[in-house]
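What follows is a single structure, written as structure tokens, with notes after it.
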Amino acid sequence: VQAVFRSNLSHLLELMGSGKESLIFMKKRTKRLTSQWATAAQRLAQKLGDIQRDQKQILVHIGFLTEESGDVFSPRVLKGGPLGEMVQWADILAALYVLGHSLRVTVSLKELQSNLGVPPGRGNCPLTMPLPFDLIYTDYHGLQQMKQHMGLSFKKYRCRIRVIDTFGTEPAYNHEEYATLHGYRTNWGYWNLNPKQFMTMFPHTPDNSFMGFVSEELNETEKQLIKGGKASNMAVVYGKEASIWKPQGKEKFLAILNKYMEIHGTVYYESQRPPEVPAFVKNHGLLPQPEFQQLLRKAKLFIGFGFPYEGPAPLEAIANGCVFLQSRFSPPHSSLNHEFFRGKPTSREVFSQHPYAENFIGKPHVWTVDYNNSEEFEAAIKAIMKTQVDPYLPYEYTCEGMLERIHAYIQHQDFCAVPGSALPGTHTSPSPFVLAPNATHLEWARNASLVPGAWPPTHSLRAWLAAPGRACTDACLDHGLICEPSFFPFLNSRDAFLKLQVPCDSTEWEMHHLYPALAQPGQECYLQKEPLLFSCAGANTKYQRLCPCRDFRKGQVALCRGCL
Ligand code: UDP
């Protein structure tokens, strides 16, 4: 059956069920964004032309909303609890539905079991049964539930699973044996999935797939209206929970901000003003999403106090014409030094409250400054009050951008294919490279035969030998490219080193998430023995890593130029 774009979302709203506060929040959002999705679908349909798209049978099992996993989020929807996950799930459902796929949605173990065909009451079904779904989108909670209740089918079908994983899972944490042996074991990792099966909220690490969400879009008239109606001295503080206002050195910069601007907050409260919020702040309480957007439309500045990390709100603020001001973290926060990230399956270092805003958007929309430096802070406020900015939304966070990306994943990502069938064997080298004219990096020869089934297509591959201590994520960015882990197998050979004019004194195959790499001194070349450990993330001063990079589209980092 062919997938046909849909523009009427009322059936999806039925599929989403009812009852829980979280579902009510998600359905309101989907309803509000319906016309935006419909327009985006039209545009993408035009762009894709008459390309063949199969309709997939898809199960969406939202594990964190099940009673069995505690469902701590639903009761906090109206009390300032996190909403980012619900924003994302609502948008994933909408995107899959709009793309024309056949959907089932489950938010309880019972519904999950009945959809999987597990007889109720049978905890662990030992038999492998045919799975009626081509794809399953779930989260870490759901993954655990499926493992417990699918019996042997879990192993057989886990290649069809996609795990929505806000902050990401790095390969070193994903490989069970390696994680256990080398201290990367956490509560969440060790599933031995292909790291691209984990899908993140922001493009944190290219080892995972970037799923994202959408922000509301403005048309030209709305943009002009907003620009004219801004109060240049109005600031809204990022955060719904009173705890983010606890002093810890905030008095100083709050006093400076208060000198120049009227400060607004959207902090949840029950009957009394939360004591953490100073009296000079105009607190609106937690607002329904559309009213929060209205507030952002009037404000000049959206200011972060360092928490929450990496949520949707700063993108919404920037889309509504605000400047986002946030603090630089020095030293960076990570699972090694911060409670929030502790136990998360990543070593990623976070250099500001919202690294995506800092690195992918930047000035004039985003200012990242040291809040402990009063002069720097004050200068930023003054400069921001004087700058005019246009509302801005990166393409990848528009409905069309999200549809395009998910369409590409569904069309091209296949983790069930026998490993190595379409790729060169790790121990043999195909030699399809040419050395670029400046002889510092490898380019896939344009006339070399494309590797069938490889996605992204191999012509976008550019390989670089990174400086000692440099991760592939950064080494590729240094050249205006992005690391592409699916290209690692093409570089994992002595031949690739040779082509880069690195004569290896010796070559060894080992399991290590930084390989292929060159170790100094001694010119030892190390090759990767375990394909699951190919990793863009990670660095050690001992190694110069061999890095597979590719180009990307401006505003759609997940896709290379010839990828669709
Ligand atoms: N939001 C809201 N009311 C408010 C403040 C925020 O509905 O008063 C919404 C906002 O539109 C955003 C969502 O909360 O889409 C999540 O934003 P945030 O960045 O705070 O992420 P979280 O920490 O909740 O995951």
Side-chain angles (χ1 to χ4, degrees), residues 21-33 36 62 64-65 72-92 94 139 164-167 200-202 204 211-218 235-245 263-270 274 277 281-299 302-322 324-326 333 340-341 344 350 352-358 361 366 391 393 397-399 402:
E21 235 19 276
S22 44
L23 293 175
I24 296 172
F25 173 87
M26 288 163 62
K27 286 169 77 170
K28 274 193 196 150
R29 176 178 176 82
T30 305
K31 220 174 181 167
R32 200 170 61 248
L33 294 181
Q36 203 170 302
I62 312 177
F64 80 101
L65 292 183
V72 289
F73 281 58
S74 299
R76 292 175 62 207
V77 166
L78 298 176
K79 300 191 169 185
L83 297 174
E85 277 80 358
M86 285 157 225
V87 164
Q88 192 185 27
W89 278 108
D91 296 349
I92 292 170
D139 54 15
I164 304 303
D165 170 18
T166 309
F167 294 94
T200 56
M201 189 109 168
F202 289 94
H204 300 306
M211 170 57 81
F213 57 92
V214 305
S215 179
E216 289 172 52
E217 289 162 57
L218 304 171
V236 175
V237 174
Y238 181 14
K240 312 180 233 49
E241 279 181 281
S243 58
I244 66 137
W245 290 83
I263 307 174
H264 293 245
T266 60
V267 181
Y268 167 74
Y269 64 93
E270 231 137 65
V277 181
V281 173
K282 189 169 177 350
N283 186 26
H284 301 259
L286 180 71
L287 294 176
Q289 240 186 353
E291 285 171 43
F292 178 61
Q293 307 280 336
Q294 290 305 325
L295 188 69
L296 293 174
R297 288 180 182 200
K298 281 183 264 162
F302 190 60
I303 179 168
F305 286 175
F307 194 83
Y309 298 107
E310 308 184 300
L315 288 193
E316 294 167 3
I318 296 162
N320 283 296
C322 298
F324 177 51
L325 176 63
Q326 61 166 351
H333 298 183
F340 181 84
F341 288 108
K344 295 200 164 58
V350 176
S352 60
Q353 184 173 2
H354 207 294
Y356 178 86
E358 181 184 3
I361 304 179
V366 180
L393 181 62
Y397 283 97
T398 64
C399 290
M402 184 166 181

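Below, each value reflects all heavy atoms present in this structure, side chains not excepted, and no hydrogens, waters or symmetry copies. Numbering of ligands and ligand atoms starts at 1, following listing order.
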>> Using a 4.0 Å cutoff against the non-hydrogen atoms of Pro308, which atoms of ligand 1 qualify?
In response: 23 (O)
>> Do Val237 and Ile244 make a side-chain contact, defined as non-hydrogen atoms from C-beta onward lying under 4.5 Å apart?
In response: yes
>> Do Met86 and Phe64 make a side-chain contact, defined as non-hydrogen atoms from C-beta onward lying under 4.5 Å apart?
In response: yes
>> With nothing but distance in play, are any N or O atoms of Arg29 less than 3.5 Å from an N or O of ligand 1?
In response: no
>> Applying a heavy-atom cut-off of 4.0 Å, say which part of Glu316 lies close to ligand 1: side chain, backbone, both or neither.
In response: side chain
> With side chains defined as the heavy atoms from C-beta onward, is the minimum distance between Asn320 and Glu216 less than 4.5 Å?
Replying inline: no
> Is ligand 1 under 4.0 Å from a heavy atom in the side chain of Val87, in the backbone, in both, or in neither?
Replying inline: side chain
> What is the distance from atom OH of Tyr309 to atom OG1 of Thr166, rounded to the nearest 0.5 Å?
Replying inline: 14.5 Å
> Quick one: which of Ser215, Gly239, Pro312 has a heavy atom closest to atom 18 (P) of ligand 1?
Replying inline: Pro312
>> Once rounded to the nearest 0.5 Å, what's the spacing between atom CG of Leu78 and atom NZ of Lys240?
In response: 12.0 Å
> Side chains of Arg76 and Glu241: does their closest heavy-atom pair fall under 4.5 Å?
Replying inline: yes
>> For atom 1 (N) of ligand 1, what is the closest protein heavy atom, and at what distance to 0.1 Å?
In response: Phe292 CD2, 3.8 Å
> Is there a ring pair (Phe, Tyr, Trp, His ring centres under 6.0 Å) between Phe73 and Phe25 once you walk through the steps?
Replying inline: CA-CA 12 Å; Phe73 281 58; Phe25 173 87; over 10 Å; no
> Does Tyr309 reach ligand 1, in the sense of a heavy atom lying below 4.0 Å from it?
Replying inline: no
> Would you say Gly285 has any N or O atom under 3.5 Å from an N or O of ligand 1, going by distance alone?
Replying inline: no
> Considering only the protein, which heavy-atom contact is closest to atom 19 (O) of ligand 1, and what is its distance?
Replying inline: Tyr238 OH, 2.6 Å
> For atom 20 (O) of ligand 1, what's the nearest protein heavy atom and its distance?
Replying inline: Lys240 NZ, 3.1 Å
> Any side-chain heavy atom of Tyr356 sitting closer than 4.5 Å to one from Glu310?
Replying inline: no
> Would you say Pro314 has any N or O atom under 3.5 Å from an N or O of ligand 1, going by distance alone?
Replying inline: no
> Side chain or backbone of Glu291 under 4.0 Å from ligand 1, or both, or neither, by non-hydrogen atoms?
Replying inline: neither
> To which protein heavy atom is atom 13 (C) of ligand 1 closest, and what is the distance rounded to 0.1 Å?
Replying inline: Leu83 CB, 3.8 Å
>> So if I count the atoms of ligand 1 from 1 in the order they appear, which ones are less than 4.0 Å from some heavy atom of Gly311?
In response: 19 (O), 21 (O)
>> Is there a polar contact, in the sense of an N or O pair closer than 3.5 Å, between Leu287 and ligand 1?
In response: yes
> What residue and atom, counting heavy atoms only, is the protein's closest point to atom 25 (O) of ligand 1, and at what distance?
Replying inline: Gly84 N, 2.8 Å
>> Checking the side chain of Gln326 only, and the main-chain atoms of Gln353 only, is there a donor and an acceptor separated by less than 3.5 Å?
In response: yes
> When you look at Glu316 and Leu393, which way does the side chain to side chain contact (heavy atoms under 4.5 Å, CB included) test go after all the steps?
Replying inline: CA-CA 8 Å; Glu316 294 167 3; Leu393 181 62; over 6 Å; no
